[in-house]
Amino acid sequence: TGGDYSSSLTSTYWATSPVIDCSDFNGVTLSLWRWLGIEKSTYDHAYLQAYDGTSWVTVYENSSSDINETAWGLQEYDVSAVADSNPNFQVRFGIGTTDGSYNYCGWNIDDLSLKGYGEVSAGEIAVLDEEVSDSLIPGDTTVAEIRVTNLGGTGSLRVRFSPTVSWITC
């Protein structure tokens, strides 16, 4: 179809991330660059969902208007209700069902990232280094980290993390 999604899809097809451990974080947001083309929801369906540890929660679905974006646009979603303190967080992008008429480009996604706050009252917190994470592949056991230490007092240490999340789905 020249890169467009197929007509007459009878079920939803998903691209699903690996499990992301957000158990030590709160205030989690998801951001991504998107170029989306989808016929209105009367005919075709596009979804972004997040896993809360028990079930999938819809974060975004297309509306009753056609979407035919002509450039990349930054999208940000508050997923804190689903991701905060969740050791089994995942996201997935779905396309389908579709009717048999018009086809669009569907989901095009780049630079997906999660951001949130980790809090500790004393000691250390490890934060994945974003530059190194770009070179990691799913299943890689390499761990790169920086250490931030709270050097006394009884106050909490608040750290913002921003790993780039990448995965391959076949």
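Atom OG of Ser8 and atom CG of Asp44 lie 9.0 Å apart (nearest 0.5 Å). Atom-to-atom distance recorded for Leu48:CG and Leu30:CG is 6.0 Å, nearest 0.5 angstrom. To the nearest 0.5 Å, atom CD of residue Gln90 and atom SG of residue Cys22 are 11.0 Å apart. The distance from atom OG of Ser41 to atom CG of Asn62, rounded to the nearest 0.5 Å, is 5.5 Å.
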Show me the donor-acceptor pairs, under 3.5 Å and distance only, between side chains in residues 64-71 and residues at least two apart or in other chains.
{"residue": "Asp66", "atom": "OD1", "partner": "Lys40", "partner atom": "N", "Å": "2.8"}
{"residue": "Asp66", "atom": "OD2", "partner": "Tyr104", "partner atom": "OH", "Å": "3.0"}
{"residue": "Glu69", "atom": "OE1", "partner": "Arg34", "partner atom": "NE", "Å": "3.3"}
{"residue": "Glu69", "atom": "OE1", "partner": "Leu36", "partner atom": "N", "Å": "2.6"}
{"residue": "Glu69", "atom": "OE2", "partner": "Arg34", "partner atom": "NE", "Å": "3.3"}
{"residue": "Glu69", "atom": "OE2", "partner": "Arg34", "partner atom": "NH2", "Å": "2.4"}

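Across every non-hydrogen atom of Ser101 and Asn103, the tightest pair is O-OD1, 3.5 Å. In plain terms, the two heavy atoms of Ser17 and Ile20 that are nearest each other are OG-CD1, 4.1 Å. Taking each heavy atom of Ser7 and Gly100 in turn, the nearest pair found is CB-CA, 3.8 Å. What you find for Asp78 and Ser80 is that their closest heavy atoms are OD1-OG, 2.6 Å.
Checking side-chain atoms of Asn88 against main-chain N and O of Gly53 turns up no donor-acceptor pair under 3.5 Å.
Considering Thr12, Ile95, Thr98, Thr97 as possible partners of His45, the one that fulfils the side-chain contact (heavy atoms from CB on, under 4.5 Å) test is Thr97.
Within 6.0 Å of atom OH in Tyr43, 12 or fewer heavy atoms from other residues, nucleotides or ligands are found, so the atom counts as exposed in its surroundings.
Put simply, the side chain of Tyr47 does not reach to within 4.5 Å of the side chain of Phe93, judged on heavy atoms. At least one side-chain heavy atom of Tyr13 sits under 4.5 Å from a side-chain heavy atom of Ser11. No side-chain heavy atom of Asp84 sits less than 4.5 Å from a side-chain heavy atom of Phe89. Side-chain contact check for Glu76 versus Thr29: every heavy-atom pair is 4.5 Å or farther apart.
In the hydrophobic cluster analysis, where Ile, Leu, Val, Met, Phe, Trp and Tyr join through side-chain heavy atoms closer than 4.5 angstrom, Val59 is grouped together with Ile38. Hydrophobic clustering of Ile, Leu, Val, Met, Phe, Trp and Tyr side chains at less than 4.5 Å, counting indirect connections, keeps Trp33 apart from Trp107. Put simply, Val28 and Val57 are part of the same group of oily side chains (I, L, V, M, F, W, Y) that touch within less than 4.5 Å, one to the next. Taken together through direct or relayed side-chain contacts under 4.5 Å among Ile, Leu, Val, Met, Phe, Trp and Tyr, Val79 and Ile109 form part of one hydrophobic cluster.
With a 4.5 Å cut-off between side-chain heavy atoms of Ile, Leu, Val, Met, Phe, Trp and Tyr, the cluster of Tyr51 takes in Trp56.
Checked against the 6.0 Å centroid threshold, Trp72 and Trp35 count as a close aromatic pair.
Checked by atom type, the side-chain pair Thr58/Gln49 shows a donor-acceptor distance below 3.5 Å. Ser31 and Ser113 form a side-chain donor-acceptor contact under 3.5 Å, judged by distance and modelled atom types alone.
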